[in-house]
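Proteins come first, then strands; the chains are lettered A, B, ... in the order of their sequence lines, and each starts at number 1.
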Amino acid sequence: MTKVRDGELDSLAVLFERHHRPLFAYFLRLTASRSASEDLVQEVFLRILKYRQTYSSGSPFTTWMYQIARNAQVDQFRRSRPESSLDEDELDKPPVSSEPAADQQVSRSEEVDLLRRALDRLPRDKKELLILSRFQELKHEQIAAILACEVNTVKVRVYRAMKDLAGAFQQVMQERRI
Amino acid sequence: MRCDDAKAYFADVLTGAKRGTHELDSHIAVCPDCRHDLERMQLLWDQLGSIPVDEPTPALRRRFYALLDEAKRTEGARLPNRFRSWLRSPAFFPITAAACLLIGLALGRVGGGKPDTEMSQLRGEVASLRQIVALSLLQNQSASDRLRGVTYSTEVNQPDREVLAALVDRLNYDTNVNVRLAAIDALQRSMRDPMVRQGVRESLARQDSPLVQLALIELMSEARDPQAKAALERLTREASLNPAVKLKAERALLRLE
């Protein structure tokens with residue numbers, strides 16, 4: 001990133017190749033929209049170019065990138081609130097493979113669907129925290145820097161988010177059995 | 001350890017940042033609620049990993065590289081890489097100051113020199129600057145920048161040996177056919193230069209693209225370079241030569257007779 005900041009724009013391609021997939025996954029899990037997620041990845045790299053002079057050499061690039069990603073997503077969320085209600089509608093749809101089997105056993109693919117629904121039922125901040133921690137595999141210290149809070153606060157929030165997820169998962173399992 | 005204290009470690013245990021401490025293990029061993037909580041969370045944490053995520057479409061990569069090209073065009077229009085690194089170098093300020101001083105002294109000595117002399121000096125400086133920019137772009141990693149470098153070189157009235165050598169080099173070794181074709185066009189007006197003629201002749205044997213071969217044959221034929229005959233004859237003897245290229249080479253040979 002230091003090279004990009006100093007004018008070697010070709011080096012941005014290296015960063016893109018390294019980070020665009022995890023970034024896309026981050027946005028897709030947050031927005032549940034492929035097109036919006038691709039737009040957001042593009043927006044992140046546009047902002048990286050635009051604000052490259054603000055990057056300081058010593059700081060970790062990933063943390064800086066996710067700060068930009070969060071801001072881009074918040075801006076997009078504000079601009080398109082009606083779209084977010086569509087996402088909520090999407091969540092209310094029955095899972096693709098939710099027809100109860102004769103023996104009431106939950107298959108693995110069903111379990112994944114139910115877990116995804118449970119995750120989507122979490123409040124936005126808790127869902128984002130779990131995405132950063134579990135899926136993006138960021139360390140608590142990195143998440144604390146991205147969210148601008150203490151490391152211990154992140155740990156407590158992860159615990160609470162997981163507790164809520166467990167509750168939501170139990171709830172969707174019960175709904176499936178009804 | 002109390003239950004609340006134990007739960008403070010759960011996030012670390014889940015992410016693998018820390019194994020359970022002795023105190024936590026002791027607490028879990030005697031507290032069924034916390035043990036149940038941690039086990040349930042650990043199971044859920046592992047299950048989360050099985051949620052698949054889609055890959056982005058190839059359009060994302062295309063859009064990014066279009067964005068990057070655009071950014072480089074805008075940036076390159078301001079200053080080429082060589083200049084940017086020069087401006088950042090520690091030597092920039094003292095050398096520039098010394099150069100300004102010398103120019104000032106020279107202008108002072110010339111005094112009321114004729115405006116024509118100053119204009120021609122200025123033109124010379126602009127031409128020299130263009131050559132530096134062209135050279136810098138010709139060495140760039142991006143094919144579009146190298147193409148711009150070739151175009152830039154054509155804006156110089158009399159390109160110097162370094163620029164001509166760089167163009168011959170692009171003609172011989174550039175991986176992009178469009179850059180090689182553009183280099184041929186750019187070299188056309190310098191075919192009187194023996195170095196360029198020789199470079200063009202030698203380049204014919206290196207080319208594998210029929211398009212480039214055709215353009216080179218045309219160039220040698222137009223330049224009426226008698227020494228090109230040997231290169232053309234060698235080319236026509238190649239078994240795998242494209243028929244259109246062979247025909248063009250034979251016609252060029254007749255023209256050079």
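At least one side-chain heavy atom of B:Asp12 sits under 4.5 Å from a side-chain heavy atom of A:His140.
Looking at B:Ser153, its side chain does come within 3.5 Å of a backbone N or O of B:Val150 through a donor-acceptor pair. Between the side chain of A:His20 and the main chain of A:Phe16, a donor-acceptor pair closer than 3.5 Å is present. A donor-acceptor contact shorter than 3.5 Å is absent between the side chain of B:Arg170 and the backbone of B:Ala183.
Both the backbone and the side chain of A:Arg134 come within contact range of chain B, with heavy atoms under 4.5 Å apart. Within the 4.5 angstrom heavy-atom criterion, only side-chain atoms of B:Phe10, from C-beta onward, approach chain A. Contact annotation for A:Leu49: only side-chain heavy atoms (C-beta onward) come within less than 4.5 Å of a heavy atom of chain B. Using a 4.5 Å cut-off between heavy atoms, A:Phe24 touches chain B through its side chain atoms alone. Proximity to chain B is limited to the side chain of A:Gln170, based on heavy atoms less than 4.5 angstrom apart. Heavy atoms of A:Phe45 lying under 4.5 Å from chain B belong to its backbone as well as its side chain. Using a 4.5 Å cut-off between heavy atoms, A:Leu115 touches chain B through backbone and side chain atoms alike. Interface remark: A:Asn152 contributes no atoms to any contact with chain B (heavy atom separation under 4.5 Å).
Salt bridge status for B:Arg63 with A:Asp39: present, with a side-chain N to carboxylate O gap under 4.0 Å.
Ranked by heavy-atom pairs under 4.5 Å with chain A, the first of B:Asp69, B:Leu68, B:Ile51 is B:Ile51. Counting heavy-atom pairs closer than 4.5 Å to chain B, the top-ranked of the candidates A:Arg157, A:Glu137, A:Lys139, A:Lys163 is A:Lys163. With respect to chain B, the highest number of heavy-atom pairs below 4.5 Å among A:Leu12, A:Val158, A:Leu119, A:Val156 belongs to A:Leu12. Put simply, of A:Ala13, A:Ala118, A:Ser37, the one with the most heavy-atom pairs under 4.5 Å next to chain B is A:Ala13. Across B:Ala11, B:Ala59, B:Pro56, the residue that shares the most heavy-atom pairs under 4.5 angstrom with chain A is B:Pro56.
In the displayed structure, A:Arg160 atom CZ is contacted under 6.0 Å by at most 12 heavy atoms of other residues, nucleotides or ligands. No more than 12 heavy atoms of other residues, nucleotides or ligands lie within 6.0 Å of CD in B:Gln158, so this atom counts as exposed by the packing criterion.
Counting only N and O atoms by type, the side chains of A:Glu38 and B:Thr57 include a donor and acceptor under 3.5 Å apart.
Residue B:Arg180 is tested with B:Asp174, B:Asp169, B:Asp208 for a salt bridge (charged side-chain N to carboxylate O under 4.0 Å, His left out); the sole match is B:Asp208.
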